[in-house]
Amino acid sequence: MDKYEQVIELAKRRGFLWNSFELYGGSRGFYDYGPLGSTLKRRIEQIWREFYVIQEGHMEIECPTIGIEDVFVASGHVGGFSDPLCECKKCGEAFRADHLVENVMDAAGTLSAEQLTQVIKEKGITCPECGGEFGEAYEFNLMFKTTIGPGTGRQGYLRPETAQGMFVDFQRLSRFYREKLPFGAVQIGKSYRNEIAPRQGVIRLREFTQAECEIFTDPRDKSHPNFERFADRELMLYSQEAQEKGEPFRMTVREAVEKGIIAHEFLGYNLALTNEFLTKIGIDPTRLRFRQHLKDEMAHYAIDCWDAEIEMDRFGWVETVGIADRTDYDLKAHAKVSKTELYVYVEYDEPRMVTSFVVKPNMSKLGPIFKGKAKAVSEALKQLSEAELSQAEIKVTLDGEEVSVSSDMVEFAEETVKVSGEAIVPHVIEPSYGIDRIFYGTMEHAFEEEDVAAKEANSGLKGAGEAQEGDSETAVETEGKAEGEAEEETRLVMRFSSAVAPVQVAVLPLLTRKDLADPAKEILAKLREKNLLVAYDDSGTIGRRYRRNDEIGTPYSVTVDYATLEDKTVTIRDRDSMRQVRAPIEGIEDVLHELIYRGRNFESAGKPFNF
RNA sequence: GCGUUGAUGGUCUAGUGGCUAUGACUUGGGCCUUCCAAGCCCAAAACCCGGGUUCGAAUCCCGGUCGGCGCACCA
């Protein structure tokens, strides 16, 4: 049983993740988040908001998950988010049709499915596996289609990324931010890709959650106003060059930008911010690195792109965040399709005097004479030089036909005008997070199977230490077999940081008796008033309940015992050390709040109880 | 999408054609004056779906669904 299996097993059992539609047999590529999973995910998203919305000031927007066709025509998803596939009739193997014909012709990537089918037939291309004949090539588009409105309606698609919403709303956003670069907007929401073969649990879903941030920057200045904040932070970088050698290296953001490894400060800052976020939610820094896209893997419009990769036991290094400089590609694409200019007017520090030669055709005179051609004539006039325009009879050529225009029909002059700024199409810096993968990474990195006996010895815990001497032979056998019958002195612990833990405090009466339950319920109410995520648990022995809470990663447990009735104190147990302190009920909610949110030292929370 | 392999309570599992389907853990109710899985009593809970063969199918056959693995795919 590898770690993935263990984590998924626990996740299913404890209400983190379930296969969707299980009642009906399920469907690949869809997962439900159970009560704890849903809470954990929300808390991760909430911290993301704290980073990007509150700290960075990129406001959140919410766009429909269904988009109309134009949006995805502009973004390139209708045309490009698909691959021509072709299957062998004999062995059933599927191949990329364009790859099949690559050797016999150029520009195979530009052919349609019909053309590819044609070429494959003509050239007699057969299956490289079994030599069988190929069927027809077809386009497989990864977007989910839907119909908007009744009847034949209007073609719509479920969005394959949230990013397009921010691009489409660019003008509104620009106005909202009072037209000052840089500005950004974020969106957290579902996106959809009709993956051919989703696998690997929550790593590749057909419906998934993205948290994307689009920062519109001045293309001429990609320095970051707050660069110093992270300049001396060391990141594990796996640059293009490093990948050739297979050796990632640690380097400060400042040095990487100075050496040109990271394209510019803005990207460098965002890499560091991502690093900060991922470690904050509990990703192990030693299993986190930033890998630069290789030249051939980078989207054609990107200048530089880095993936934050998290190392997972079964899957190796998994891309969880993409941080790219998408340049002006998206805005230009939408400008073209929508026939609307998308830019920000940037004022110069000082207005500039610009001298230019200006031609002003007099349309009220040209019009009556040239009628339908007047527009073309005026355009042609604008192309002429001063010398040509100075003639009494000005000659212009329209479609090879020479036309003369009398000099009173056009004015021209060298003009000097004050220009106070220019229209700039911003470049987009995009950190794009795959929340589901990060969720799983958080689970796996928090997961630990721990030897309790050793733990008790190390922590100096008093009590049940002597329970059983696990004989060492058992341990050796367990290695090979992993069949549950070996006596295991282990506990499963999810070491969630208290920032993300779906349950922050468990309140446990030592025994199920009214005199213990009553004070426990009072404490429960006090903690809830403090907005803590609390669970009450009175079923089974106390040890079992501690284990249960270890498994779901509850950082602290409060236990009400008979001493509570005498001196109004309870014990607080720390999940990781398993140590307990005894503290008064009075003010317990503040103590726990400080432990959870203020990083208060556990042992300062009360008197040592079991160590 | 192809090949391969598997699917029994919440979890792990026994069962290879024959009564009410095995066991453990877990879970729920109760007992217990005391703190780190396995204390006591009681209870709940399963043969992936659809066809076929058969007097009879969890078991054999076919198809599907879901999971693992390999290939392909993942702009």
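First the proteins, then the strands, lettered A, B, ... as listed; each starts at 1.
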Between A/Arg13 and A/Gly25, just flag the one whose closest nucleotide in RNA chain B comes earlier from the 5' side. A/Arg13

Flag for A/Arg548-A/Ser539: side-chain donor and acceptor within less than 3.5 Å: yes

Under 4.0 Å, counting only non-hydrogen atoms across every strand here, what does A/Arg513 touch: a base, just sugar-phosphate, or nothing? sugar-phosphate

Once you apply a heavy-atom cut-off of 4.0 Å, does A/Arg204 come out as touching a base, just sugar-phosphate, or nothing? base

Which listed nucleotide (B/G68, B/A38, B/C36) is nearest to the side chain of A/Tyr4? B/G68

Taking the basic N atoms (NZ, or NE/NH1/NH2) and the acidic carboxylate oxygens, is any pair closer than 4.0 Å for A/Arg573 and A/Asp550? yes

Both distances under 3.5 Å, Watson-Crick or G-U wobble: report the partner of B/C71, or none. B/G1

Could you give the distance separating B/G50 and B/U27 at their C1' atoms, to the nearest angstrom? 32 Å

Using a strict cut-off of less than 4.0 Å between a Lys/Arg side-chain nitrogen and an Asp/Glu carboxylate oxygen, indicate whether A/Lys568 and A/Glu586 qualify as a salt bridge. no

Ignoring backbone atoms, establish whether A/Arg575 has a side-chain N or O less than 4.0 Å from OP1 or OP2 of B/C36. no

Between B/G17 and B/G23, how many Å separate the two C1' atoms, rounded to a whole number? 23 Å

OP1 or OP2 of B/C35 versus the side-chain N and O atoms of A/Thr559: is any pair under 4.0 Å? no

Is A/Arg28 close enough to B/G67 that one of its side-chain N or O atoms is under 4.0 Å from OP1 or OP2 there? yes

Which nucleotide wins on minimum distance to the side chain of A/Met578, given the candidates B/G67, B/C73, B/C36? B/C36

Can you tell me which nucleotide in B/U11, B/C36, B/G28 comes closest to the side chain of A/Glu9? B/U11

Let me know, please, whether A/Gly29 or A/Asp574 comes out on the 5' side of the other along RNA chain B by nearest nucleotide. A/Asp574

Separation of the P atoms in B/U59 and B/U54, to the nearest angstrom: 16 Å

B/C36 OP1/OP2 closer than 4.0 Å to side-chain N/O of A/Ser557: no

For the side chain of A/Ser27, counting heavy atoms from C-beta on, which of B/C66, B/G29, B/G1 is nearest? B/C66

According to side-chain hydrogen bond (donor to acceptor under 3.5 Å, both in side chains), who are the partners of A/Asp313, at least two apart in sequence or on a separate chain? none

By the Watson-Crick or G-U definition, both distances under 3.5 Å, B/G39 is matched with B/C31

Pairwise C1' distance, B/G10 and B/G63 [rounded to whole Å]: 30 Å

Watson-Crick or G-U wobble partner for B/G50, using a 3.5 Å limit on both distances? B/C62

Within the side chain of A/Arg582, is there an N or O that forms a donor-acceptor pair under 3.5 Å with the backbone of A/Lys607? no

Is A/Asp561 side chain donor-acceptor paired with the B/C35 base, going by distance under 3.5 Å alone? yes

Would you call A/Glu297 and A/Arg291 a salt bridge, taking side-chain N to carboxylate O under 4.0 Å as the test? yes

Here the distance between atom P of B/U33 and atom NZ of A/Lys514, to the nearest Å, is 17 Å

With a non-hydrogen cut-off below 4.0 angstrom, is A/Thr571 in contact with a base, only sugar-phosphate, or nothing? base

Contact class for A/Glu5 (heavy atom, under 4.0 Å): base, sugar-phosphate, or nothing? nothing

Pair partner, B/C55 [Watson-Crick or wobble, under 3.5 Å]: B/G18

Check whether any side-chain N or O of A/Arg193 sits under 4.0 Å from OP1 or OP2 of B/C74, and answer yes or no. no

Picking from B/G29, B/G1, B/C36, the nucleotide nearest the side-chain atoms of A/Arg547 would be B/C36

Look at the aromatic rings of A/Phe315 and A/Tyr4 and report parallel, tilted or perpendicular, splitting at 30° and 60°. perpendicular

Which part of the nucleic acid, if any, lies within contact of A/Leu511, taking any heavy atom under 4.0 Å across all strands shown: a base, the sugar-phosphate backbone alone, or nothing? base

At under 4.0 Å between heavy atoms, what does A/Arg206 touch on the DNA or RNA strands: base, sugar-phosphate, or nothing? nothing

According to the Watson-Crick and G-U wobble definitions, with both distances under 3.5 Å, which nucleotide is paired to B/A45? none

